[in-house]
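Written out below as structure tokens is the structure these notes cover.
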Amino acid sequence: QVTWGLANVKAPEFWSIFGRRGEGILVANIDSGVQYNHPALAASYKCAGGILPENECWYDPVSNPPSAKPQDGLGHGTHTMGTMVASDDPALQYTAGMAPRAQWIACRAFITNETTNEMLNACADWILAPGGDPSRRPHVVNNSWGDTPTDEWFLPKVEAWRAAGIFPVFSAGNAGAFEQCSEIGSPAEYQESFAVAAHDSSGTAAWFSSQGPGAFGDVPYTKPNLSAPGVNIWSSIPNNGWGIKNGTSMAAPHVAGAVALLWSCNPALVGQIDLTF
């Protein structure tokens, strides 16, 4: 069963027309981790098979001791990674991944719903040079997390990613539950970040989704940059399962996966952040 989100953004049509499903593209998330051996994610884990050193594919600055292989105690990161790259194997219960032939790596910044700037900065630096090697950096990084508006603390990291050719996707935030014209949270509101709000299966803005404006103005982009499916989203969850989640956290990886498809299809766009925006 193809998830409504993939159908909504016409991912299966893209696969059919262009014959590309993310081949050659590496995605990452900064999240709660990933169940690396989930049936929908095991084959696309970049360090699957033990050929590459694990520190090129997984970093866990938040756990003590750090986990040797990707794991996920919250389920959030496994879900967002599934929306990006879950396998299209027809034997699976759902076809949930935007770019099912891309590979993935991950950095764990959350073991609860809260983290620290220190952990997020550690992950941001690792994304630039996984295992200390800049050539191992991903093409796209999904960030289904956010902070309060008007806070520029993470901007140098986003600028560094862009300079390295890494496309920075962020969830816009879920402040719409509290106020109608809700500001986008940081870092999504930075002009340098690609901010993703959420809509439902009817195309209506999700009741919880932050809708803008952003504190850093609307030149050249109004905020959010796009909306994407974020209500009743099926994707992979730990213990080899499938589950529904809601949030702009679920919308952002649809866009991260779309960038993976676009860059897989058109290599001349790889690393061209402004043009891809």
Side-chain angles (χ1 to χ4, degrees), residues 26-36 41 45-48 52-81 84-85 103-173 185-190 192-196 238 247-249 252-253 256 259 271 273:
L26 180 65
V27 306
N29 67 9
I30 296 176
D31 212 303
S32 63
V34 180
Q35 184 200 337
Y36 79 96
L41 298 171
Y45 177 47
K46 188 185 175 188
C47 285
L52 296 173
E54 206 73 33
N55 66 356
E56 291 184 3
C57 304
W58 169 245
Y59 183 46
D60 180 10
V62 71
S63 304
N64 187 16
S67 57
K69 287 183 175 291
Q71 58 176 254
D72 180 10
L74 289 181
H76 191 274
T78 301
H79 198 280
T80 61
M81 189 61 78
M84 287 194 281
V85 300
Q103 290 184 301
W104 66 269
I105 62 175
C107 188
R108 185 188 210 177
F110 296 83
I111 52 175
T112 68
N113 289 329
E114 302 290 333
T115 189
T116 66
N117 292 6
E118 180 184 19
M119 297 305 172
L120 291 166
N121 281 325
C123 280
D125 292 340
W126 180 84
I127 291 292
L128 283 170
D133 185 348
S135 71
R136 302 294 188 184
R137 66 184 180 269
H139 297 93
V140 185
V141 58
N142 185 75
N143 299 270
S144 287
W145 57 269
D147 200 354
T148 53
T150 74
D151 194 341
E152 294 184 79
W153 72 275
F154 202 73
L155 182 57
K157 303 302 183 184
V158 178
E159 291 174 332
W161 288 345
R162 290 176 58 107
I166 301 168
F167 195 91
V169 180
F170 285 85
S171 56
S186 294
E189 66 177 342
Y190 306 159
E192 294 80 3
S193 301
F194 199 93
V196 187
T248 57
S249 283
V259 175
I273 308 300

| field | Centroid-centroid distance, Phe167 to Trp161, less than 6.0 Å | value | no
| said: How close do Leu26 and Arg137 get, counting heavy atoms only, and between which atoms? | reply: CD2-O, 3.9 Å
| Does a donor on one side chain sit under 3.5 Å from an acceptor on the other, for Ser144 and His76? | no
| message | Please give me the minimum heavy-atom distance between Arg108 and Trp58, naming the atom from each residue. | response | CB-CH2, 3.4 Å
| field | Stepwise side chain to side chain contact (heavy atoms under 4.5 Å, CB included) test for Ile30 and Trp126 | value | CA-CA 10 Å; Ile30 296 176; Trp126 180 84; over 6 Å; no
| note | Of all heavy-atom pairs linking Val140 and Val259, the shortest is CG2-CG1, 3.7 Å
| query | Within a strict 4.5 Å, meaning less than it, do heavy atoms of the Pro149 and Glu189 side chains meet? | reply | yes
| remark: Note: Ser186 and Thr150 closest approach over all heavy atoms is OG-N, 3.4 Å
| task | Report yes if the side chains of Phe154 and Asp147 come closer than 4.5 Å at any heavy-atom pair, otherwise no. | result | no
| field | Criterion side chain to side chain contact (heavy atoms under 4.5 Å, CB included) on Gln35 and Leu41, from CA distance to verdict | value | CA-CA 8 Å; Gln35 184 200 337; Leu41 298 171; 5.8 Å; no
| query | Can you check side chain to side chain contact (heavy atoms under 4.5 Å, CB included) on Met81 and Asp31, steps first, answer last? | reply | CA-CA 9 Å; Met81 189 61 78; Asp31 212 303; over 6 Å; no
| request: Decide side chain to side chain contact (heavy atoms under 4.5 Å, CB included) for Leu120 and Trp145; before the verdict, give the C-alpha distance in whole Å, the side-chain angles of both, and the deciding distance to 0.1 Å. | output: CA-CA 10 Å; Leu120 291 166; Trp145 57 269; 3.7 Å; yes
| field | Any Pro168 side-chain heavy atom under 4.5 Å of Ile273 side chain | value | yes
| query | Going by atom types alone, do Thr148 and Asp151 pair a side-chain donor with an acceptor below 3.5 Å? | reply | no
| Side chains of Leu128 and Ile166: does their closest heavy-atom pair fall under 4.5 Å? | yes
| request: Determine the sole option in Thr78, Asp72, Thr112 for which the side chain to side chain donor-acceptor pair (under 3.5 Å) test with Ser32 is passed. | output: Asp72
| said: Nearest 0.5 angstrom please: Glu192 CD to Lys157 NZ, how far? | reply: 15.0 Å
| query | Looking at Ala68 and Glu54, what are the two nearest heavy atoms and their distance? | reply | O-CG, 3.1 Å
| task | Would you confirm whether Thr248, through its side chain, and Gly173, through its main-chain N or O, come within 3.5 Å as a donor-acceptor pair? | result | yes
| task | Look at atom CD of Glu159 and say whether more than 12 heavy atoms of other residues, nucleotides or ligands are closer to it than 6.0 Å. | result | yes
| Asn55 side, atom CG; Cys47 side, atom SG - distance, nearest 0.5 Å | 8.0 Å
| Under 3.5 Å, is there a donor-acceptor pair between the side chain of Tyr59 and the main chain of Ala109? | no
| task | Find out whether Leu74 and Asn113 are in side-chain contact, i.e. whether some heavy atom of one side chain is under 4.5 Å from a heavy atom of the other. | result | yes
| note | Between Met84 and Ala28, the two heavy atoms sitting closest are CE-O, 3.8 Å
| said: Using modelled atom types and a 3.5 Å cut-off, is there a donor and acceptor pairing between side-chain atoms of Asp133 and backbone atoms of Glu56? | reply: no
| request: Would you please classify the geometry between the Tyr36 ring and the Tyr45 ring as parallel, tilted or perpendicular, with 30° and 60° separating the classes? | output: tilted
| request: Using modelled atom types only, decide if a donor and an acceptor are shared between the side chain of Ser193 and the backbone of Pro187 within a distance under 3.5 Å. | output: yes
| remark: Hits for side chain to side chain donor-acceptor pair (under 3.5 Å) against Arg162, two or more places apart or cross-chain, chain-then-number order -> Asp274
